[in-house]
Amino acid sequence: MAEKNTADIGFEKEIWDAACVLRGNMDASEYKNVILGLIFLKYISDSFDEKYQELREEGAGFEEDRDEYEAENIFYVPAGARWNDIAEVAHQPEIGKIIDQAMTAIESENKKLKGILPKNFAREELDKRRLGEVVDLFTNIKMADGTDEKDLLGRTYEYCLRNFAEQEGKNAGQFYTPSCVVRTLVEILQPFNGRVYDPCCGAGGMFVQSAAFIRNHQGNINHISVYGQESNPTTWKMAKMNLAIRGIDCNLGEIPEDTFLNDQHPNMRADYILANPPFNLTPWGADKLKEDIRWKYGTPPASNANFAWIQHMIWHLAPEGRLGLVLANGSLSSMQGGEGKIRENIVKADLIDCIISMPPQLFYTTQIPVCLWIINKKKSNPGKTLFIDAKNMGVMVTRKLRELTSGEDGDIAKIANTYKAYTKGTLENRQGYCAVVSMDDILKQDCILTPGRYVGYEEKEEDGEAFGEKMSRLTSELSILFAKSHELEDEIRRKLGAIGYEI
């Protein structure tokens, strides 16, 4: 059976079920902040308590010294705001107010968290009895042997983000990119060292998966520097909490701000860029940026920001940098507003390393078919581009949602290994799946980058049955089906006649 990409048992589901009970009359966007805020509070309190006990055992009296915690990138949690303090009063009517006060106290002790934490637990519509029950759940975490509690809380944060995305539908695109899509980009780019940037970072999923990749490959997370930007204030705060809960130090700008109009990292050149910008965004501020220095390959149309995002990211790439981004399939072939000319200029600059068409139904937020662009300023195969048609991959995990499978033989590994073989020069074209194409051949196709144009259709295996025999068999089967349909039609007529209806 294909390996699933999301945890859906145990504590994660228990917390999600509690979130659903706690919701009451609140919208998903509101109670999302309640649950995610509690996960964050439990995480930083546990991290603090672990270091606190260690310092206490040393006996030097440094357990309340803030510098001891800051030196190890641990948030200092003041007395009264620690989880044990909250757990003791979980069933008091004032529990909401107490949690709000704890959040305020933690912010006042940690400059990085100033203005970030949710402080809306005292609101009337939040059932305080149920809130206390959720606090109890966190207090009484039961884990299997070998399970790290902090890792479990991180997984729970991701699990809840995923489920809130499903609940919120279209609006979820502001904060959530499906994990399997992110991991595909990460496995291709392999961001081991250097600066990692996402100009539309949502809840920080690209950074989380980059860090997970490094850990899974025995690398050092301190060898990457994380830069990001997000315009939605609530999502920006969510990203800061999500990264903090994973121990990832980050620079997401001083404030939540529009990337095009107020770039928070104007001089930064990234070694890796991973992004899922808003699809076909309009308006995006084109009228204020007509002569912008970032539009090296052509001025993007006001009606669609796709090629503004691409050029913004290319502008921020280091001389040997690589970027991977998710875009709507229209970006591969659109000729409107000068997009075709911009795409042609990027092709002629020999920046496009790989194009991947993805399967449908990967996103909660849209049914628009999507693709991955891999752009490389120092390609291993100059003058060539790899095209991968992955639109038939994945498994349906719900009636509406598909995921790419993980594991050594899964879809994500297959795509990443195909790209790796291409960079090594050992890849053989496979009809209907992948093809390495010269720039000249792309130019002959008017720089349309749809993979199907280059990989062709998958060859069907012959079943060995002669054509005449096959037709005889199929027509015989069809005749039987026709006869059966007539029998059912007569039966329906009889049933309707029996109750006084004739057709």
Side-chain angles (χ1 to χ4, degrees), residues 181 185 188-189 199-200 259-260 270 273-286 289-317 321-358 366 368-391 419 422 434-456:
V181 176
L185 285 175
I188 289 172
L189 295 184
C200 40
T259 297
F260 292 133
I273 299 177
L274 301 96
N276 173 28
F279 298 155
N280 307 321
L281 179 66
T282 184
W284 58 273
L289 299 166
K290 291 180 180 178
E291 305 298 328
D292 197 276
I293 195 172
R294 291 170 287 185
W295 314 149
K296 182 177 179 180
Y297 305 98
T299 303
S303 60
N304 194 316
N306 286 344
F307 283 89
W309 286 115
I310 292 174
Q311 293 189 86
H312 170 86
M313 295 179 208
I314 293 174
W315 171 257
H316 275 290
L317 273 182
R322 292 186 291 154
L323 76 87
L325 71 155
V326 188
L327 285 174
N329 274 1
S331 63
L332 302 174
S333 58
S334 173
M335 296 293 183
Q336 296 178 348
E339 289 184 336
K341 188 61 180 178
I342 299 173
R343 189 170 54 248
E344 178 185 338
N345 290 336
I346 295 173
V347 169
K348 288 180 175 177
D350 201 18
L351 292 172
I352 300 177
D353 206 14
C354 178
I355 298 290
I356 305 166
S357 60
M358 300 293 276
T366 181
I368 296 175
V370 303
C371 56
L372 305 183
W373 290 56
I374 308 299
I375 288 176
N376 193 339
K377 279 202 170 180
K378 191 175 182 180
K379 294 165 66 172
S380 57
N381 293 294
K384 296 185 182 301
T385 297
L386 170 63
F387 290 91
I388 299 175
D389 189 339
K391 63 178 179 290
Y419 178 78
Y422 156 72
C434 66
V436 179
V437 181
S438 70
M439 185 190 298
D440 287 341
D441 286 339
I442 296 173
L443 292 172
K444 290 176 184 176
Q445 295 288 333
D446 296 324
C447 295
I448 291 175
L449 302 178
T450 307
R453 285 203 173 205
Y454 303 98
V455 306

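All values reported here derive from a predicted model rather than from experimental measurement. Note: hydrogens, waters and symmetry copies are ignored here, and every other heavy atom, side chains too, is used.
The salt bridge (charged side-chain N to carboxylate O under 4.0 Å, His left out) search around Asp441 returns Lys444, not counting sequence neighbours. In terms of the side-chain contact (heavy atoms from CB on, under 4.5 Å) criterion, residue partners of Asn280 (sequence neighbours excluded) are, by chain and number, Asn304, Asn306, Ala328, Ile368. Annotation: side-chain contact (heavy atoms from CB on, under 4.5 Å) contacts of Ala349 (sequence neighbours excluded): Tyr297, Leu351. His312 is linked by a ring pair (Phe, Tyr, Trp, His ring centres under 6.0 Å) to His316, counting only residues two or more places apart in sequence or in another chain. Every side-chain contact (heavy atoms from CB on, under 4.5 Å) that Thr299 has, sequence neighbours left out, goes to Trp295. Applying the side-chain contact (heavy atoms from CB on, under 4.5 Å) rule to Asn329 yields the partners Leu332, Pro369, Cys371; only residues at least two apart in sequence or on another chain are considered.
Checked by atom type and distance alone, the side chain of Ser357 never pairs as donor or acceptor with a backbone atom of Pro451 at under 3.5 Å. Side-chain atoms of Arg294 do not come within 3.5 Å of backbone N or O of Trp315 as any donor-acceptor pair. Looking at Lys378, its side chain never comes within 3.5 Å of a backbone N or O of Gly321 through a donor-acceptor pair. Side chain of Glu339 to backbone of Met335: no donor-acceptor contact under 3.5 angstrom is found.
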Run Lys348 and Glu344 through salt bridge (Lys or Arg N to Asp or Glu O under 4.0 Å) and show every step you take. CA-CA 6 Å; Lys348 288 180 175 177; Glu344 178 185 338; 2.6 Å; yes

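In summary, the side chains of Ser331 and Trp373 do present a donor paired with an acceptor at a separation below 3.5 Å, with no hydrogens or angles considered. Side-chain contact check for Asp353 and Tyr419: at least one donor-acceptor pair (N or O, by modelled atom type) lies under 3.5 Å.
Going from atom CD1 of Ile310 over to atom CG of Leu327 covers 5.0 Å, rounded to the nearest 0.5 Å. With values rounded to the nearest 0.5 angstrom, Cys434 atom SG is found 15.5 Å from Tyr454 atom OH. Separation of atoms CG (Asp446) and OG (Ser333) is listed at 11.5 Å; rounding is to 0.5 Å.
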